[in-house]
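Beneath this line is the structure, given in structure tokens, with notes to follow.
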Amino acid sequence: MNTCITSRRRLVRSAFACWPLAAWAASLGVGPNPAVAAGLEQAQMVKMLEEIDERQRNQGDWQSLAYIEQKEKNKVDVVYEALVFRRSQDQKFMIVFAKPKASQGQGYLRLDKNLWFYDPSVGKWERRTERERIGGTNSRRSDFDESRLAEEYDPEDSGQEKLGVYDAQVLTLKGKKGLDLAFPEIKLWVDKATLNVLKRQEFALSGRLLRTSYYPKWKKVYSESKKAEIWYPQEIRFYDEVEKANSTLILMKSVDLRALEPNLFTKAWLESRSR
């Protein structure tokens, strides 16, 4: 087997050296962003977050099929498939599991900024926090939802770093007061040429590092509702920093931006999926 493939995880964590990111970045056809410079002022950092959010925002409906692979120490790997639905207008969100059979029909629904979990085996809804691990994996609701970094965090300049072949602007984000966030502090590595997020580290209130994430593949799709192209991470790799042997891979296998049923974001609709 190719050496590059067999050592993929190690290389991803160190410097992206084996990922086809060079070709990916070159295909973007964009040059260095003039807004990115050393010693950013607060207004520049906020603008950067707004641009990161905006280039991913659909301003309409979203449906995607997600492949989720969970690896845990001393356990058999588990593969999930889930449908993800969201609506920009009122920030509604839903994820419904189709595989494996044990998780079929389970789902999460975000209504009025409250996250609910439904288990068809007991037919009950339970309210969950944004720290909830989706389906027991190391992913969170925010990993599948629209990016709202500027709305949820205040940025601080943490300098610039070389990340593999990329020049990255590093920002430390502190969660705004009064918000229920999966992580109160984030360290973000942003590609200066494209404003794509390359790497994230998420911390607890105590300052303990909880999770490191890599975004090796981004893809764009045309949005009719936005009348512009939008970007989304096609692949995300999460590494648990507490249980070092645990990791999660998410692949977005397909994306559909056509309008969804008006009554889709309801408890009744999700319950009907398991009947």
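One is the number of the first residue; the rest follow in order along the sequence.
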For R141 and D145, the nearest pair of non-hydrogen atoms, with its separation, is NH1-OD2, 2.6 Å
On a heavy-atom basis, which atom in S158 and which in L171 lie closest, and how many Å separate them? OG-C, 4.1 Å
Applying the 4.5 Å side-chain criterion to the ILVMFWY set and letting contacts propagate, would V46 and L179 be lumped into a single cluster? no
Is the closest basic N to carboxylate O distance between R200 and E202 below 4.0 Å? yes
Strictly by modelled atom types, are Y67 and E69 linked by a side-chain donor-acceptor pair under 3.5 Å? yes
For the CD atom of Q56 and the OG atom of S147, what is their distance to the nearest 0.5 Å? 4.5 Å
Find out if a path of hydrophobic residues (ILVMFWY) with successive side-chain heavy-atom gaps under 4.5 Å connects I95 to V78. yes
Lys/Arg-Asp/Glu bridge criterion (N-O < 4.0 Å) met for R57, E54: yes
Looking at R140 and N138, would you say the former's side chain and the latter's main chain have a donor-acceptor pair under 3.5 Å? yes
Donor-acceptor contact below 3.5 Å, side chain K92 vs main chain T266: no
Heavy-atom pair with the smallest gap, counting every atom of G105 and L270: O-CD2, 3.7 Å
Checking R128 against N114: is there a side-chain donor and acceptor pair closer than 3.5 Å? no
Side-chain donor-acceptor pair present, K192, Q160, cut-off under 3.5 Å: yes
Y232 versus K220: any side-chain heavy-atom pair under 4.5 Å? no
Summary of ring pair (Phe, Tyr, Trp, His ring centres under 6.0 Å) pairs that have at least one residue in residues 252-272, sequence neighbours excluded: F85-W269
Transitively linked via ILVMFWY side-chain contacts under 4.5 Å: L109 with L65? yes
Closer than 3.5 angstrom, by distance alone: can the side chain of R148 be matched with the main-chain N or O of D53 as a donor-acceptor pair? no
Close side-chain approach of E126 and D119, heavy atoms under 4.5 Å: no
List the atom pairs, donor and acceptor, that lie under 3.5 Å between side-chain atoms in residues 252-260 and the rest of the protein, sequence neighbours left out.
from: K253; atom 1: NZ; to: E81; atom 2: OE2; distance (Å): 3.2
from: D256; atom 1: OD1; to: R258; atom 2: N; distance (Å): 3.0
from: D256; atom 1: OD1; to: R258; atom 2: NE; distance (Å): 3.1
from: D256; atom 1: OD2; to: R258; atom 2: NE; distance (Å): 3.1
from: D256; atom 1: OD2; to: R258; atom 2: NH2; distance (Å): 2.6

If you define the side chain from C-beta out and look only at heavy atoms, does anything of Q91 sit under 4.5 Å from E151? yes
Between CH2 on residue W125 and NZ on residue K267, distance to nearest 0.5 Å: 6.0 Å
Determine whether the side chains of E146 and S88 contain a donor N or O and an acceptor N or O closer than 3.5 Å. yes
Please say whether more than 12 non-hydrogen atoms of neighbouring residues, nucleotides or ligands are located less than 6.0 Å from NZ in K176. yes
When you compare the side chain of Q106 with that of P120, does any pair of heavy atoms fall below 4.5 Å? yes
Working to the nearest 0.5 Å, report the span between CG of L49 and CG of L173. 5.5 Å
Give me the atom names and distance for the closest heavy-atom approach of S213 to F238. OG-CD2, 3.0 Å
Indicate yes or no: at least one non-hydrogen side-chain atom of Y222 is less than 4.5 angstrom from one of I230. no
Check this for me: does any side-chain nitrogen of one of D167 and K162 sit under 4.0 Å from a carboxylate oxygen of the other? yes
Distance alone, cut at 3.5 Å: any donor-acceptor contact between the side chains of T194 and D191? yes
Take atom CG of D112 as the centre, draw a 6.0 Å sphere, and report whether it contains more than 12 heavy atoms from other residues, nucleotides or ligands. no
So, Q201 and W189: side-chain donor and acceptor under 3.5 Å apart, yes or no? no
I68 versus L249: any side-chain heavy-atom pair under 4.5 Å? no
Check: E51 side chain, M48 main-chain N or O, donor-acceptor pair, under 3.5 Å: no
Which value, rounded to the nearest 0.5 Å, describes the distance between Y108 atom OH and F97 atom CZ? 6.0 Å
Indicate the atoms forming the closest heavy-atom contact of T137 with S139, along with that distance. OG1-OG, 2.7 Å
Could you check N246, T248, D77 and say which one makes a side chain to side chain donor-acceptor pair (under 3.5 Å) with Q70? T248
Within this structure, what is the CG-OH distance for the pair N196 and Y166, rounded to the nearest 0.5 Å? 9.5 Å
Taking all atoms of both residues into account, what is the closest heavy-atom pair of T172 and E185, and its distance? CG2-OE2, 3.7 Å
Whether W218 side chain and V197 backbone form a donor-acceptor pair below 3.5 Å: yes
Keeping T129 on the side-chain end and R131 on the backbone end, is there a donor-acceptor pair under 3.5 Å? yes
So, taking the atom named CD in E241 and the one named CZ in F203, what distance separates them when rounded to the nearest 0.5 Å? 8.5 Å
Just by distance, no angles: are the side chains of Q59 and S225 close enough, under 3.5 Å, to form a donor-acceptor pair? no
Side chains of E235 and Y214: donor-acceptor distance under 3.5 Å anywhere? no
